[in-house]
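Chain letters run A, B, ... following the sequence lines, proteins first and then strands; every chain starts at 1.
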Amino acid sequence: MHRLLLVQCRNYCHTQAIASNSQISQFARLGQIQNARRVFDEMPKKNVTSWNSIITGYFQNHLPNEGQCMFDQMPERNIVSWNGLISGYVKNRMVKEAREVFDKMPQRNVISWTAMVRGYVEEGFVEEAEALFWQMPEKNVVSWTVMIGGLIQEGRVDEARRLYDMMPVKDVVVRTNMICGYCQEGRLDEARDLFDRMPKKNVVSWTAMVSGYAQNGKLDIARKLFEVMPEKNEISWTAIIISYVQYGRFEEAWKLFEVMPVRTTPACNAIILGIGQNGEVAKARMVFDLLKEKDDATWSAMIKVYERKGYELEALDLFHQMQVDRFRPNFSSLISILSICASLASLNYGREIHAQLIRTECDDDVYVSSVLITMYIKCGDFVKAKLIFDRFSPKDVVMWNSIITGYAQHGLGDEALEVFREMCSLGITPDEVTFVGVLSACSYTGKVKEGQDIFDSMNSKYQMEPGSAHYACMVDMLGRAGRLNEAMDMINKMTAEADAIIWGSLMGACRMHMNLDLAEVAAKKLLQLEPQNSGPYVLLSNIYASKGKWADVASLRKSMQSREVVKSPGCSWLEADKEVHMFTGGESMPHPEHESILKILEKLSPMLREAGYIPDGSFALHDVEEEEKLHSLNYHSEKLAVAYGLLKLPQGMPIRIMKNLRVCGDCHSAIKLIAKVTGREIILRDANRFHHFKDGHQARPLIIASMQPSGLEFHLLELVS
DNA sequence: GTAGGGTTAG
């Protein structure tokens, strides 16, 4: 009787220990190492498995020191304990420590060897892995699989196949691995052959084959296979959705996303990026909000969408929120935020992000450096931009493009051409973007001859077919120079249809040179291509009004109303007295000091006229009486901002203004003269580029320390909210 | 499902 009780008691204790050990592992897997430890501590009788479980738990939770410490304290060890230590170090990317354990352990089995081979494979030390693999006293299907995986990882698929053929016994895992290897190299037929000959397929092998087709652009085959696979899991769904997004097939991606049974984080991340970049920003945000388990990529996907779609403030807000939710700013979110600093010309915030990149050692990267260069240039700090550019080596074409485009945007045509020539002399082949940069530099600075030569060289020297952006530059260049007929010839010469940007360039040039006939042609084309763009309506209406064709004016008005075309309100801002002041055209939202601003403009008026200023009503957007039209010109936001700068900023300090739209032609000539008669330097950044005014010229920019004083982003947030 | 080695998405 006693004996029976004792046995029962032992069984009970044994069962209890199993339950507790299992709990330890479960907690550890969930990342709750403290709970795991509590269960461990509370066990009345721990066995070697309890110790092994808690040690593995520490390594899983990236606490290798604690794991080693527990190992050192163990009352007894078995081979599982030693193997656990090896794989623990491997998981923590400490292959050297793993090897020390491997060399020190009293006995090894096939698992010890395989774990060690795996350790080398993970670190990319495939030579070491191979050496060890061939020394193994015995191999099993797992060991072969690990080695084959290492070779595949290195792109050595044929060698992997040789090993695969040598294996005495193959199972579904190694077959799937080999299939993936072929898929990664785009060798789909060989993958498919293995797949078809598999004696037993599982969901993983199906998914591997589906994703193999999908990743190689064979989406329709992938989809067919996906439809017929006997069982799907979240990974299968995610794989095909991500591929649809990657190949720009957002509709199909969304349709599948809607019906997938379990939505995973990677699928949501891809969908946010896909539909967001496709313009459905609100829907993307909905997916973002509904996703409970966000990861780094979720946040950066949404931030990127906001950045790409021009929602700067929302992006900054989310970037802030991301950190409130304890996500460290990651590489891709920092890049998005840098682009936003560039578009807001917020140098100080940009510098902060730069510092953050340096701290996290993410700055030594060709991609980051290019974005940094763009940021510094758009914020007006050429010196810093050039410094980063000069220091980085080797530069890729994107980095060259960053600096060339940057110079172009500041009207520094000579510098842009110089860098372009340097690039070519170093043997870097320019791409489409390079030519857009160089041609626009030529256009802004009136270098028609150089521009034409470079345009011609695209085809003759680089075998590159000019695209619509290049034609737009040429039309702009010829148009600015007043060679409107040549610009029109350029358009007619195009093989493809001219787009809205090209006709817009022609229209702008016609307006500049008062060629009403061609302007009408361009505006009518533009009307068809962009019915929501208010520009051509206004211009046509002005043309008709100037000819007294009032019936045409009225019908334009009508179609504008029926299509609900609205002119997006112009808005300029500048910093004075440590505050950002915003100006809108018209009188709907006057600045508190509106009266004083008007007085300044009134005072300036005779001085400007004397300096040769003729108000140009053709830029005004209403077909009102001429007198009134000229009056409303004075209300353009950029002029108000300049006047306010004159009022508030001390003499000698440059007046820096930003505008959300392109500066109007009248304001351009007026501000040029304001700079002259007041002796002030004025830097205006509009939606398109920078304008530097000094001594009555569109000046060459000096080095500008800061385009925008501190705190802009937060002021903007306040202004909007 | 008590502890140690391998496959599919990112």
Side-chain angles (χ1 to χ4, degrees), chain A residues 14-26 28-29 39-40 43 46-57 59-60 74 77-91 98 101 105 108-119 121-122 136 139-150 152 167 170-181 183-184 195 198 201-212 214-215 229 232-243 245-246 260 264-270 273 295-298 300-301:
Chain A
H14 185 63
T15 316
Q16 273 301 99
I18 290 176
S20 299
N21 293 344
S22 166
Q23 255 190 324
I24 292 171
S25 305
Q26 273 178 24
R29 267 195 292 272
V39 174
F40 177 82
M43 284 178 79
K46 307 167 181 52
N47 58 25
V48 64
T49 303
S50 323
W51 284 90
N52 288 343
S53 305
I54 192 73
I55 290 169
T56 301
F59 278 105
Q60 267 175 358
M74 284 176 87
R77 301 176 184 121
N78 60 15
I79 195 160
V80 177
S81 325
W82 288 94
N83 287 344
L85 210 55
I86 295 181
S87 74
Y89 277 124
V90 165
K91 274 188 198 113
V101 175
M105 63 198 290
R108 300 172 194 98
N109 62 11
V110 65
I111 295 182
S112 334
W113 283 86
T114 307
M116 201 57 235
V117 172
R118 171 74 172 172
V121 164
E122 293 250 293
M136 284 177 79
K139 305 175 181 68
N140 63 16
V141 63
V142 180
S143 336
W144 286 93
T145 308
V146 170
M147 197 59 244
I148 288 173
I152 287 174
M167 283 176 76
K170 301 174 183 58
D171 68 1
V172 64
V173 176
V174 76
R175 289 173 204 274
T176 308
N177 218 351
M178 199 61 234
I179 289 170
C180 291
C183 289
Q184 271 169 33
F195 179 76
M198 278 177 94
K201 302 176 175 68
N202 65 358
V203 60
V204 179
S205 36
W206 280 92
T207 306
M209 201 61 237
V210 167
S211 118
Q215 288 291 307
M229 59 195 282
K232 304 174 181 64
N233 63 15
E234 307 90 81
I235 298 181
S236 333
W237 284 89
T238 307
I240 192 139
I241 289 173
I242 286 174
S243 302
V245 169
Q246 279 170 352
M260 81 184 281
T264 65
T265 303
C268 292
N269 296 350
L273 264 184
D295 65 9
D296 269 9
T298 317
S300 34

(message) Heavy atoms from C-beta onward define the side chain here; which of dA9(B), dA3(B), dG6(B) lies closest to that of Thr145(A)?
(response) dG6(B)
(message) Whole angstroms only, please: what is the CH2-P distance between Trp51(A) and dA3(B)?
(response) 18 Å
(message) Is it the case that the side chains of Thr49(A) and Asn52(A) hold a donor-acceptor pair, with the cut-off being a distance below 3.5 Å and no angle test?
(response) no
(request) Just call it for Thr56(A): base, sugar-phosphate, or nothing, with non-hydrogen atoms closer than 4.0 Å on any strand. (result) sugar-phosphate
(message) From C-beta outward on Val141(A), which listed nucleotide comes closest to its side chain: dA9(B), dG6(B), dG5(B)?
(response) dG6(B)
(request) Round to a whole Å and report the spacing from CD of Gln184(A) to P of dT8(B). (result) 8 Å
(message) Checking contacts here: which listed nucleotide (dA9(B), dT2(B), dA3(B)) is nearest the side-chain heavy atoms of Ser22(A)?
(response) dT2(B)
(request) Give me the one residue out of Thr238(A), Asn269(A), Asn233(A) that meets side-chain hydrogen bond (donor to acceptor under 3.5 Å, both in side chains) with Thr264(A). (result) Thr238(A)
(message) Side chains of Ile79(A) and Ile111(A), heavy atoms from C-beta outward: is any pair under 4.5 Å?
(response) no
(request) Would you indicate what Gln246(A) reaches in the nucleic acid, counting non-hydrogen atoms under 4.0 angstrom: base, sugar-phosphate, or nothing? (result) sugar-phosphate
(request) Return the nearest nucleotide to the side chain of Thr176(A); candidates are dG4(B), dT7(B), dT2(B). (result) dT7(B)
(message) Taking only side-chain N and O atoms of Arg118(A), does any of them lie within less than 4.0 angstrom of OP1 or OP2 on dT7(B)?
(response) yes
(request) Pick base, sugar-phosphate or nothing for Val146(A), based on heavy-atom distances below 4.0 Å to the nucleic acid. (result) sugar-phosphate
(request) Looking only at non-hydrogen atoms, find the nearest pair between Phe195(A) and Lys201(A) and report the distance. (result) O-CE, 3.1 Å
(request) Consider the side chain of Thr207(A), meaning its heavy atoms from C-beta on, and name the nucleotide among dT8(B), dG6(B), dG4(B) that approaches it most closely. (result) dT8(B)
(request) Would you mind reading off the distance between Lys91(A) atom NZ and dG5(B) atom P, rounded to a whole angstrom? (result) 5 Å
(message) To check you understand the geometry: which heavy-atom pair defines the closest contact between Val146(A) and Val121(A), and what is its length?
(response) O-CG2, 4.1 Å
(request) Choose from dA9(B), dT2(B), dG6(B) the nucleotide whose nearest atom is closest to any side-chain atom of Val142(A). (result) dG6(B)
(message) Ignoring hydrogens, what is the shortest heavy-atom contact between Val48(A) and Asn78(A)? Give both atom names and the distance.
(response) CG1-ND2, 3.8 Å
(message) Of the listed nucleotides (dG1(B), dG4(B), dG5(B)), which one gets closest to any side-chain atom of Arg29(A)?
(response) dG1(B)
(message) Rounded to whole Å, please give me the gap between NZ in Lys46(A) and C1' in dT2(B).
(response) 15 Å
(message) Suppose we call a contact any N or O donor and acceptor under 3.5 Å apart; does that hold for the side chain of Asn83(A) and the base of dG5(B)?
(response) no
(request) Let me know the distance between CH2 of Trp237(A) and P of dA9(B), rounded to the nearest Å. (result) 18 Å
(message) Given dG5(B), dA3(B), dA9(B), identify the nucleotide with an atom nearest to the side chain of Ile242(A).
(response) dA9(B)
(message) Given the structure, check if the side chain of Asn78(A) and the base of dA3(B) hold any donor-acceptor pair shorter than 3.5 Å.
(response) yes
(message) Among dG4(B), dT7(B), dG10(B), which nucleotide has an atom closest to any side-chain atom of Gln215(A)?
(response) dG10(B)
(request) Starting at atom CG of Asn202(A), determine the distance to atom C1' of dG6(B), rounded to an integer number of angstrom. (result) 13 Å
(request) Write down the distance between CG (Asp171(A)) and C1' (dG5(B)), rounded to a whole number of angstrom. (result) 13 Å
(request) Between dA3(B), dT7(B), dG5(B), spot the one nearest the side chain of Ile111(A), thanks. (result) dG5(B)
(message) Would the base of dG5(B) count as contacting Asn140(A) through its side chain, where contact means a donor and an acceptor less than 3.5 Å apart?
(response) yes
(request) Starting from P on dG4(B), measure out to CG on Asn52(A) and report it in whole angstrom. (result) 9 Å
